[in-house]
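The next block holds one structure in the form of structure tokens; read it before the comments.
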Amino acid sequence: MWELGGKSCQSRLLIGTAGYPSLEILHQAVVASKAEIVTVSLKREDPTNRCGQRFWDIINSLSSLVLPNTAGCRQAKEAIYIAEMAREIFSTHWIKLEISGDDMLLQPDPFELLKAARTLIEMGFEVFPFCTEDYIVCQKLYDLGCHILMPWGAPIGSGKGLLNPFGLKLLRTRLPDATLIVDAGIGSPMHAMQALMLGYDAVLVNSAIAQALDPVAMASAFSLAVESGYVAHQAGIMPETDFAHASTPLEQTYFGAR
């Protein structure tokens, strides 16, 4: 068990809900993933839209914790408005804060992110900022009161994995008390396992599951990978060396060289 924003969780896999071939497959994939937290975008999925009612019925049927996000926002004031709407609709003070500074890269705007985070924390929100692996930005967010940080592994939907493992490892080392969740860029279960092996607390995956040939099977694969990566980190991974070291030295054995 681990704690996230005051809630006890068992799975270290969070799952996104966009881009699935059908709502039925979305439902099956979330169940197969064993994820207890799903993230949804209010800006892209309007809860008041009757055409999207079936989507919200599926979300409500999952008995999962909902992490609303502000995906699609470009300014702090817009993200704050969406967060207030989410708190009213879902009766939660959780908000995944996303503010994009570029339509092509979808890279977070650190200036608007810090501005919005400060206001939302003052308003009583538990802010999950989506950011890059930039240590200075992450430290400033943490100092504001964002104790859960969501740095990307690579640009959203790219599937490139952990492009800067050094930067991610640095965050883990310099922010030992923060809850760190790799969000975006993960393309395979191997990438998720690597994040957990670096000591990250969890990963959030969407496209890598939703766009797989078999999203349900892939969701199950991610569940296994995250568990394996966490156990491996806890077990203590052997250090790398530049030279060969025999696992069974010949010295002091019955058949050793004389």
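Predicted, not measured: the structure shown is a model, and the values here were computed from it.
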>> Could you go through Ser100 and Arg74, starting from their C-alpha distance and side-chain angles, then the distance that decides it, and tell me whether this counts as side-chain contact (heavy atoms from CB on, under 4.5 Å)?
In response: CA-CA 5 Å; Ser100 175; Arg74 296 293 302 271; 4.2 Å; yes
How many angstroms lie between [atom1] in [X] and [atom2] in [Y], if you round to the nearest 0.5 Å?
{"X": "Lys96", "Y": "Thr70", "atom1": "NZ", "atom2": "OG1", "result": "8.5 Å"}
{"X": "Ile99", "Y": "Lys115", "atom1": "CD1", "atom2": "NZ", "result": "8.5 Å"}
{"X": "Leu198", "Y": "His233", "atom1": "CG", "atom2": "NE2", "result": "8.5 Å"}
{"X": "Leu106", "Y": "Trp152", "atom1": "CG", "atom2": "CH2", "result": "8.0 Å"}
{"X": "Met218", "Y": "Ser188", "atom1": "CE", "atom2": "OG", "result": "7.5 Å"}
{"X": "Ser207", "Y": "Ile186", "atom1": "OG", "atom2": "CD1", "result": "11.0 Å"}

Flag side-chain contact, heavy atom, 4.5 Å: [X] against [Y]:
{"X": "Cys131", "Y": "Cys138", "result": "yes"}
{"X": "Tyr200", "Y": "Pro151", "result": "yes"}
{"X": "Phe125", "Y": "Leu97", "result": "no"}
{"X": "Ser11", "Y": "Val226", "result": "no"}
{"X": "Pro155", "Y": "Leu163", "result": "yes"}
{"X": "Pro21", "Y": "Pro215", "result": "yes"}

Looking at every non-hydrogen atom in both residues, tell me the closest pair between [X] and [Y] and how far apart they are.
{"X": "Met1", "Y": "Ser8", "value": "CE-CB, 3.7 Å"}
{"X": "Glu98", "Y": "Ala71", "value": "OE1-CB, 3.7 Å"}
{"X": "Ala117", "Y": "Cys146", "value": "CB-SG, 3.9 Å"}
{"X": "Ala35", "Y": "Leu13", "value": "CB-O, 3.1 Å"}
{"X": "Ala225", "Y": "Pro189", "value": "CB-O, 3.4 Å"}
{"X": "Ala219", "Y": "Ala29", "value": "CB-O, 3.2 Å"}

>> Tell me whether Gln234 at atom CD has more than 12 heavy atoms from other residues, nucleotides or ligands lying less than 6.0 Å away.
In response: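 Buried by this count: over 12 neighbours within 6.0 Å.
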> Is the count of non-hydrogen atoms from other residues, nucleotides or ligands lying under 6.0 Å from Arg174 atom CZ greater than 12?
Replying inline: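 Atom CZ in Arg174 is not packed in, count stays at 12 or less.
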Co-membership, hydrophobic cluster, residues [X] and [Y], 4.5 Å side-chain:
{"X": "Met150", "Y": "Leu196", "result": "no"}
{"X": "Phe166", "Y": "Leu180", "result": "no"}
{"X": "Ile121", "Y": "Ile82", "result": "yes"}
{"X": "Leu23", "Y": "Val38", "result": "yes"}
{"X": "Ile136", "Y": "Leu170", "result": "yes"}

Are the side chain of [X] and the backbone N or O of [Y] linked by a donor-acceptor pair below 3.5 Å?
{"X": "Glu112", "Y": "Gly101", "answer": "no"}
{"X": "Thr173", "Y": "Lys169", "answer": "yes"}
{"X": "Arg172", "Y": "Ala178", "answer": "yes"}
{"X": "Asp183", "Y": "Phe130", "answer": "no"}

> Stepwise, does the side-chain contact (heavy atoms from CB on, under 4.5 Å) test hold for Leu149 with Leu171?
Replying inline: CA-CA 10 Å; Leu149 302 174; Leu171 287 183; over 6 Å; no
>> Gln139: which residues meet the side-chain hydrogen bond (donor to acceptor under 3.5 Å, both in side chains) condition with it, sequence neighbours left out?
In response: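 Tyr135, Asp143.
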> Excluding sequence neighbours, so at least two apart, what forms side-chain hydrogen bond (donor to acceptor under 3.5 Å, both in side chains) with Thr39?
Replying inline: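 side-chain hydrogen bond (donor to acceptor under 3.5 Å, both in side chains) list for Thr39, sorted by chain: Asn69.
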>> Test question: given the 4.5 Å side-chain rule for I, L, V, M, F, W and Y, name all other residues clustered with Leu105, or answer none.
In response: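 Joined to Leu105, directly or through intermediates: none.
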Any residue meeting side-chain contact (heavy atoms from CB on, under 4.5 Å) with [X], in chain and number order, not counting sequence neighbours:
{"X": "Lys7", "value": "Leu65, Trp94"}
{"X": "Val137", "value": "Pro110, Asp134, Leu141"}
{"X": "Thr179", "value": "Trp2, Leu4, Ile148, Ile181, Asp201"}

>> Leu42 vs Phe90, test: side-chain contact (heavy atoms from CB on, under 4.5 Å). Steps then yes/no.
In response: CA-CA 11 Å; Leu42 270 71; Phe90 295 110; 3.4 Å; yes
>> Between Val182 and His191, is the side-chain contact (heavy atoms from CB on, under 4.5 Å) condition met? List the steps.
In response: CA-CA 10 Å; Val182 171; His191 300 150; over 6 Å; no
> Would you call Glu84 and Arg87 a salt bridge, taking side-chain N to carboxylate O under 4.0 Å as the test?
Replying inline: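 The answer is no: the pair does not qualify as a salt bridge.
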